[in-house]
Amino acid sequence: MQNADNAGGLEAAKTEVQRKSLEQRGQMDELMRVRHSCAHILATAVLRLWPDALLDIGPPTAEGFYYDFDLPSHRFTPEDFPRIEEEMRKVIKENQVFERSVVTRDEAREHFAKLGQRFKVERLGDIPEGEAISFYRNGEFVDLCAGPHVMRTGNVKPSAFRLLKVASAYFRGNEKNPQLQRLYGTAFKAKEDLEVWVHQQEEAKRRDHRRIGAEMGLFAFDSEYVGPGLPLWLPKGTVLVEELERLAKETEFAAGYVRVRTPHLAKEKMYLTSGHLPYYAESMFAPMEFKEAEADEVASRYYLKAMNCPHHHRIFAAEPRSYRDLPLRLAEYGTCYRYEQSGELFGLMRVRSMQMNDAHIYLTPEQFAAEFNAVNEMYLKYFKIFGLDRYLMRFSTHDPAKLGQKFVNEPELWKQTEDMVRDVLKSSGINYVEVPNEAAFYGPKIDVQVWSAIGREFTIATNQVDFAVPKRFGLVYRDRDNSERTPLCIHRAPLGTHERFIGFLIEHYAGNFPLWLAPEQVRVLTIGDEPRLEEHAKGLVAELRSQGVRAEADLTTNPIKGKIQEAETARVHTMLVLGARDLDAGVVSVRLHGKGPQGAKPRADIIASIVDAIRTRAA
RNA sequence: GCCAGUGUAGCUCAGUGGUAGAGCAACGGUUUCGUAAACCGUAGGUCGUCGGUUCAAUCCCGACCACUGGCUCCA
């Protein structure tokens, strides 16, 4: 059995970022052996119950393990789990030895061909010539496998593994290949570890942005009237959107960006020129087609934009440009539409309409290193504000063998920009992994990978170098020597899209946003209904609002316990409790969400500290 | 898009081949209270949609839609 098809280094790096709690690499290796062995035990059990099952592969993963089967005679359902788990426990109880043997390619092929295990035969072809081909046997079960394993099936604790879900997966991950049935499970070294993990999973579900979004009234979907994947931002979610925009605008202004605004659609010619049509057509909403004039022979086609770059390129082209204008940094929170496949939609993390923290920087090759570094520093600045530390930068580079095919034929530019990007990453001491052959066709790129509460991986931000598309649009600037030159372009979106970034932030903070982001920053809670209390509460709210604080008052006649409960449930950041006692003393009692009472403070001090925390975007 | 699962009140969930319930939320009233829920009452559902089986369907069957878990893809 082999590793999953992914690049091994990338998997390992991801695992490391995801599972920082598992400190020692040695521990991880042992855990991986347990999981890998458990996958073999699963396959052993499945073959006992369904002897006609065909096997593909069954690797360990960061969360557990899986095994892929082709079994037309039976559809796995969760109801099969008890039976399969019971059989697995028998295999464990038999305490079979995991026996490694090295075989020749012909022996291996003959072994699996005889059993009709065609996927195994095909996988055999993946093993490079000259590399050892090894079998692992436990009891009657033999698998093509590089190992390693635990010593015996009995080393897997019967109480420390669990089957989790049935899923499907394409053979070799290619949707043109047959779909296999995948059984997911997890295994740990000890029962307690499994219990901890199960508990963590439940906690993670509570953090799920879809759940918190509904609880807090941040966003909603209306598939029937608006459409799937088209989120509606409710008032409280809109606060998040606008606070992020404010942060982006301030940061970009300080960094010398200028803002532009562009329409949500463009004519077909735009995307023929950019090269997105027909290549990207599947991911775009179908065009609007109509005749602009009665006499027109041919209908015009307008597409909703799936990206902002072409519009920005046309802004670059709208005026003559001199080298003195560069770098020209055009920023826009542009709204894009992508027709994602229905099965790919996922809460806010994967939607069909999105607003992107986009900017395109047009510059000379000489300006590239400094500018790219500045962009990178902006990323780090943002990550610091959000306390974002579990991320992985994925640096995608080209493959020189594919120049002129998959990658634009500019070997010098590739080398130059990749070296510069690599230097920037290295010198900033960032956790990154380099993945060859994954660059965009127009240049190298950096994606920032993060994980949702339930463990799904997402690109949260992207930063790309482009030395091809400006040429397609005929973009030029007049250089010092009066010659016309084509600029390089950096595409960057450190805050990704509002949808995905906020989806991520909701989970990152579990809905407990820092003061500057909190939809409701302050709620004043009165005790009793003396008229002077209501008056003071209203005055306090008015004063806070006049300083830009999102404050509300709860003047209902509910008991204070009830008001507190409601405010805590609504995740109001700061609660200001106002009773006759406080009023007489000229103070307000402060309570912070999730942190309990903080004591009474003079009214003016409280207002000042709230305003200051918001201004500095304190964590 | 593909494979599988799910769909009962705004939310969380019961329930039955004979035309539906609970808690919370909402609304109305009572209560005047010091840090995570005071009390009483009212209203709210073509049981996802459409079709089929049946004397009768929310329940059985089928199709579709949406969502969920994966795969592929991706900000």
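Below, read A as the first sequence line, B as the second, and so on, with proteins coming before strands; counting in each chain starts at 1.
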Should A:Arg75 be listed as having a side-chain N or O under 4.0 Å from OP1 or OP2 of B:rA4? yes

Distance, P atom - from B:rC2 to B:rA20, rounded to whole angstrom: 37 Å

Is there a Watson-Crick or G-U wobble partner for B:rC2 with both distances under 3.5 Å, and which nucleotide is it? B:rG70

With no hydrogens and no angle check, is any side-chain donor or acceptor of A:Lys236 less than 3.5 Å from a backbone partner on A:Met216? no

Nucleotides 39-47 of chain B: protein proximity per nucleotide (B base, S sugar-phosphate only, - neither; heavy atom, under 4.0 Å): ---------

Distance between the C1' atoms of B:rG21 and B:rC47, in whole angstroms? 12 Å

Whole-Å gap separating C1' (B:rC2) and CZ (A:Phe171): 17 Å

Donor-acceptor pair, A:Arg182 side chain versus A:Ser168 backbone, under 3.5 Å? no

Would you say the side-chain atoms of A:Glu534 pair up with the backbone N or O of A:Thr526, donor to acceptor, closer than 3.5 Å? no

Paired nucleotide for B:rA22 [Watson-Crick or G-U wobble; both distances under 3.5 Å]: B:rU12

Rounded distance in Å between the P positions of B:rA63 and B:rA4: 11 Å

Could you tell me whether A:Arg259 and A:Glu252 make a salt bridge, using a distance below 4.0 angstrom between a side-chain N and a carboxylate O? yes

Closest to side chain of A:Ile560, choosing from B:rG34, B:rA38, B:rU32: B:rG34

What's the CE-P distance between A:Met216 and B:rA25, to the nearest Å? 18 Å

Could you let me know what B:rC60 is paired to, Watson-Crick or G-U wobble, both distances under 3.5 Å, or none if it's on its own? B:rG52

Is the backbone N or O of A:Gln341 less than 3.5 Å from a side-chain atom of A:Glu344, with the two atoms forming a donor-acceptor pair by type? yes

Taking atom C1' in both B:rU42 and B:rU46, what distance in whole Å separates the two? 23 Å

Whole-Å distance separating the CG atom of A:Asp80 from the P atom of B:rG5: 11 Å

Ion pair A:Arg350/A:Glu499, N-O distance below 4.0 Å: no

Whole angstroms only, please: what is the CG-C1' distance between A:Leu525 and B:rA36? 12 Å

Nearest nucleotide by nearest heavy atom, which residue falls closer to the 5' end of RNA chain B, A:Ala214 or A:Ile564? A:Ala214

Got a donor-acceptor contact below 3.5 angstrom from the A:Lys563 side chain to the A:Thr556 backbone? yes

A:Tyr442 and A:Gln464 side chains, donor-acceptor separation under 3.5 Å: yes

Do NZ/NE/NH1/NH2 and the carboxylate oxygens of A:Arg123 and A:Asp56 come within less than 4.0 Å? yes

If pairing means Watson-Crick or G-U wobble with both distances under 3.5 Å, then the partner of B:rG7 is B:rC65

How many whole angstroms separate atom CD of A:Glu282 from atom C1' of B:rC2? 13 Å

Which is true for A:Gly579 with a 4.0 Å heavy-atom rule: it touches a base, it touches only sugar-phosphate, or it touches nothing? base

P atoms of B:rG7 and B:rG48, separation to the nearest Å: 8 Å

A:Asp466 versus A:Val469, closest heavy-atom pair with distance: OD1-N, 2.9 Å

Nearest-Å distance for atom pair CG/P, residues A:Asp70 and B:rA4: 13 Å

Could you check which nucleotide pairs with B:rG41 in any of the strands shown, counting Watson-Crick or G-U wobble with both distances under 3.5 Å? B:rC27

Length of the CD-P vector between A:Gln181 and B:rA4, whole Å: 8 Å

C1'-based separation of B:rU68 from B:rU16 [nearest Å]: 26 Å

Over how many whole Å does the gap from A:Asn558 atom CG to B:rG29 atom P extend? 14 Å

Inter-nucleotide C1' distance (B:rA14, B:rC39), Å rounded: 26 Å

Would A:Lys384 and A:Asp389 pass as an ion pair if we require N to O under 4.0 Å? no

Between the base of B:rG5 and the side chain of A:Thr77, is there a donor-acceptor distance below 3.5 Å? no

I'd like the P distance from B:rA66 over to B:rG52, given in whole Å. 23 Å

Going 5' to 3' through nucleotides 63-75 of chain B and flagging B where a protein heavy-atom sits under 4.0 Å of the base, S where only the sugar-phosphate is that close, and - otherwise, we get ---SSSSBBBBBB

